[in-house]
Amino acid sequence: MRIQTIAVGACAGAISLSALIATPAQAILRPVYQQLPMPASGNCADVVVPAGVNLSGVPGTGWTRQWGAWENGGRGGFVCGRTLVLNNSTGRYQVL
């Protein structure tokens, strides 16, 4: 299974701006974007999360339908993705 995880710094323009708008006050601005292939059911609620994707004990929830440019050999396609942020108070990642 191919897994796409991208960490983006605080100066990533519009991407960070959208994270800034929705990020809880106790979270730092270094979101981690994760994407997995769409399950056969076509429903992101059916995603089975591999252990390597589970950063700091984040639950396997929060997956939504997104476009992944890497899917289908680089031609793009729908995938399941989520955004994680590091909570300063707990030192653990949480789903945004």
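Closest of all the heavy-atom pairs between Y93 and V32 is CE2-CG2, 3.7 Å. Of all heavy-atom pairs spanning V79 and G68, the tightest one is CG2-N, 3.7 Å. Here the shortest heavy-atom pairing between T61 and V95 reads O-CG2, 3.6 Å. Contact record, D46 with S41: OD2-OG, 2.6 Å, taken as the closest heavy-atom pair. The two residues R92 and L86 make their nearest non-hydrogen contact at C-CD1, 3.5 Å. Residues T83 and P31 approach most closely at CG2-CB, 3.7 Å, considering heavy atoms.
In this structure, the side chains of Q35 and C80 stay at 4.5 Å or more apart for every pair of heavy atoms. In this structure, the side chains of V85 and Q94 come closer than 4.5 Å at one or more pairs of heavy atoms. Residues M38 and N43 are not in side-chain contact: their nearest non-hydrogen atoms beyond the backbone lie 4.5 Å or more apart.
Put simply, the side chain of N87 never gets that close to the backbone of G91: no donor and acceptor are under 3.5 Å apart.
Using modelled atom types, one finds no donor on one side chain facing an acceptor on the other under 3.5 Å when comparing W63 with Q34.
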* **Stepwise side chain to side chain contact (heavy atoms under 4.5 Å, CB included) check, Y33 with Q66** => CA-CA 11 Å; Y33 301 98; Q66 300 177 355; over 6 Å; no
